[in-house]
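This report refers to the structure that appears directly beneath it.
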2 protein chains.
Amino acid sequence: MSAAVAHEPLTRSVEDYLKAIYQLSPEGRPASTSEIANLLALSPPSVTGMVKRLSEHGLLEHVPYRGVQLTDAGRRAALRMVRRHRLIEAYLVEFLGYSWDTVHEEAERLEHAVSETMIERMAGALGNPSVDPHGDPIPAADGSILERACIALSDVPIGENVEISRVHESQPERLRYIASLGLRPGVQVTVVDRQPFDDLVTIEVGTDKQVIGRELGHALLCARKVKP
Amino acid sequence: MSAAVAHEPLTRSVEDYLKAIYQLSPEGRPASTSEIANLLALSPPSVTGMVKRLSEHGLLEHVPYRGVQLTDAGRRAALRMVRRHRLIEAYLVEFLGYSWDTVHEEAERLEHAVSETMIERMAGALGNPSVDPHGDPIPAADGSILERACIALSDVPIGENVEISRVHESQPERLRYIASLGLRPGVQVTVVDRQPFDDLVTIEVGTDKQVIGRELGHALLCARKVKP
DNA sequence: CCGAGATTTTAGGTTAGCCTAATACTGTAT
DNA sequence: ATACAGTATTAGGCTAACCTAAAATCTCGG
């Protein structure tokens with residue numbers, strides 16, 4: 001069952017497809033070809049074509065006109081890429097002076113090029129971390145992944161003090177903006193006010209007050225914090 | 001003249017061709033297509049085809065049936081790859097526990113994937129080294145390279161004490177063997193005897209004696225050492 | 001200086017991945 | 001129930017890089 005099969009090596013673009021499908025639906029709900037096309041910036045027919053090849057290789061199941069789901073083998077391969085990506089991000093931030101908002105594209109290329117050995121050495125140098133600089137959980141080498149419960153900042157009740165645990169955003173410009181507000185995983189914020197429309201929330205970070213709109217409010221995921 | 005042109009990005013295989021041609025002839029003597037084919041494990045017709053494309057892009061000059069020479073632009077691109085390769089090797093040995101005999105293939109993949117920024121960060125972390133773990137000089141970011149004079153171990157006179165400065169070999173198995181003999185850049189050896197045939201030399205490494213054959217004798221390059 | 005053998009190039013074919021345009025399917029709204 | 005809007009797939013093409021087989025060119029010994 002859990003035989004650690006020697007995979008035939010996957011191409012870069014296959015790895016990207018699998019990771020994208022996983023990210024569109026970590027829970028395994030079917031993903032549509034156009035969602036995939038959109039995420040990878042490809043045309044829908046290209047995705048249909050690749051999806052067909054991947055399902056022949058047993059990495060996913062495709063019901064025409066209905067969508068695509070990863071098989072166990074596909075999910076394993078996808079989680080492997082997620083692990084690589086997040087460990088590389090963590091390594092670059094810790095050892096090569098990257099900021100957590102600029103590290104994504106570097107990891108995007110390296111995740112395809114680095115050997116298993118090197119990944120595990122980087123993990124070791126980091127002390128086998130369980131989250132990356134964005135606060136996203138790093139899958140273990142065996143493919144297990146531990147998602148911690150969290151709540152969107154937009155949904156935190158007024159008066160409550162929470163710790164930002166994940167920043168769910170990949171556009172560099174937005175990430176720079178978020179960083180410039182002093183918001184990042186580990187920071188504590190208090191929701192001091194909420195506008196009745198548009199999900200606007202006012203938060204207190206240290207001594208500063210910020211107003212946060214809907215999109216950002218959903219990108220910032222928080223763990224509820226027990227008051228000291 | 002020395003305008004730092006923004007290159008259109010080169011593909012992985014173009015980078016490999018340029019590096020190969022440079023390595024076949026750092027001095028600029030023409031390289032034959034079959035030498036290139038041999039080094040890259042490709043068929044000669046494939047090389048002819050690529051060479052044609054590259055000469056159209058101004059990266060090399062090709063005189064049909066005669067051979068190939070890098071242009072200035074081609075040499076710059078090749079040296080850039082050599083710099084990347086050697087810095088990556090040095091980084092992996094220094095920070096990720098690689099041994100100098102196993103680091104080559106990892107670098108071979110990473111050199112195509114790493115950004116300029118990351119290369120310079122690695123160089124910084126290493127203190128801008130001038131040689132890699134094999135003792136090969138690392139070209140500067142501006143493309144200048146400093147080759148230090150050295151002599152093959154086979155040609156060192158009897159009785160002389162020298163320091164191994166470079167190990168010119170890329171096959172992992174041979175490198176492991178060399179490492180197992182305790183031979184690596186920085187080690188001092190004394191030539192104690194020489195057989196009149198086959199370039200066999202007997203050397204003293206610390207307290208051990210070794211007999212070295214022709215191929216190894218040419219792979220080990222030495223700087224003459226002033227006796228203390 | 002001529003031809004045999006080695007080297008190189010041309011000719012023609014394959015594969016992976018991408019594209020656009022045209023066609024087929026789905027589901028919803030009348 | 002049906003037509004229409006939206007989404008997905010098929011059809012047909014392109015490019016980069018590779019390959020093998022055949023033709024062209026070079027080199028060197030006699």
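Reminder, nothing fancy here: chain letters follow the sequence lines and each chain counts from 1. None of these values were measured; they are calculated from a predicted model.
Rounded to whole angstrom, the span from the CG atom of B:Leu18 across to the C1' atom of D:dA17 amounts to 15 Å. The CD-P distance, from A:Glu35 to D:dG6, rounds to 17 Å in whole Å. When rounded to the nearest whole Å, the span between OH of B:Tyr65 and P of D:dT27 equals 12 Å. Look at CZ on B:Arg12: it is 18 Å from P on C:dA16, rounded to the nearest Å. In this structure, the CG atom of A:Leu40 is 13 Å from the C1' atom of C:dG17, given to the nearest Å. As rounded to whole Å, 10 Å separates atom P of C:dG17 from atom CG of A:Leu10. Per the geometry, CG belonging to A:Leu42 stands 18 Å off P belonging to D:dT7, to the nearest Å. One interatomic measurement links the two molecules: CD of B:Glu15 to C1' of D:dA17, which rounds to 15 Å at whole-angstrom precision.
Here B:Ser32 does not reach the OP1 or OP2 of C:dT7: none of its side-chain N or O atoms lies under 4.0 Å away. Residue A:His62 has a polar side-chain atom (N or O) positioned under 4.0 Å from OP1 or OP2 of D:dT9. Between A:Arg53 and C:dA16 there is no side-chain N or O to OP1 or OP2 distance below 4.0 Å. Side-chain N/O atoms of B:Thr33 include one lying less than 4.0 angstrom from OP1 or OP2 on C:dT9. Of the side-chain N and O atoms in B:Tyr17, one or more sit less than 4.0 angstrom from OP1 or OP2 of D:dC18. Proximity of B:Arg66 to the phosphate of D:dT27: a side-chain N or O atom is located under 4.0 Å from OP1 or OP2.
For the pair A:His85 and A:Glu108, the minimum side-chain heavy-atom distance is below 4.5 Å. No side-chain heavy atom of B:Glu15 sits less than 4.5 Å from a side-chain heavy atom of B:Ser13.
In this structure, B:Thr48 reaches the bases: a heavy-atom distance under 4.0 Å links it to at least one base atom across the strands shown. Among the protein residues, B:Ser43 comes within range of the nucleic acid bases, having at least one heavy atom under 4.0 Å from a base atom. A:Ser34 comes within 4.0 angstrom of sugar-phosphate atoms only, judged by non-hydrogen atoms across all strands, and of no base. Using a 4.0 Å heavy-atom criterion, one finds that B:Pro45 contacts the bases of the nucleic acid, with or without backbone contacts as well.
Checked for salt-bridge contact, A:Arg80 and A:Glu111 miss the test: no charged N lies under 4.0 Å from a carboxylate O. Salt bridge annotation for B:Arg83-B:Glu120: present, with a cationic side-chain nitrogen under 4.0 angstrom from a carboxylate oxygen.
Of the listed nucleotides (D:dT10, C:dT9, D:dA8), C:dT9 has the atom at the smallest distance from the side chain of B:Pro44. The side chain of B:Met50 has D:dA17 as its nearest neighbour among C:dG17, D:dA17, C:dT9. Which of D:dC18, C:dT10, D:dA17 sits closest to the side chain of B:Thr11 comes down to D:dA17.
Applying the 6.0 Å contact sphere to CZ of A:Arg184 captures no more than 12 heavy atoms from other residues, nucleotides or ligands.
Heavy-atom nearest nucleotides on DNA chain C were determined for B:Gly67 and for A:Val47, and the one closer to the 5' end corresponds to B:Gly67.
A cation-pi geometry, defined here as NZ or CZ lying under 6.0 Å from the six-membered ring centre and within 45° of its normal, does not hold between A:Arg121 and A:Tyr91.
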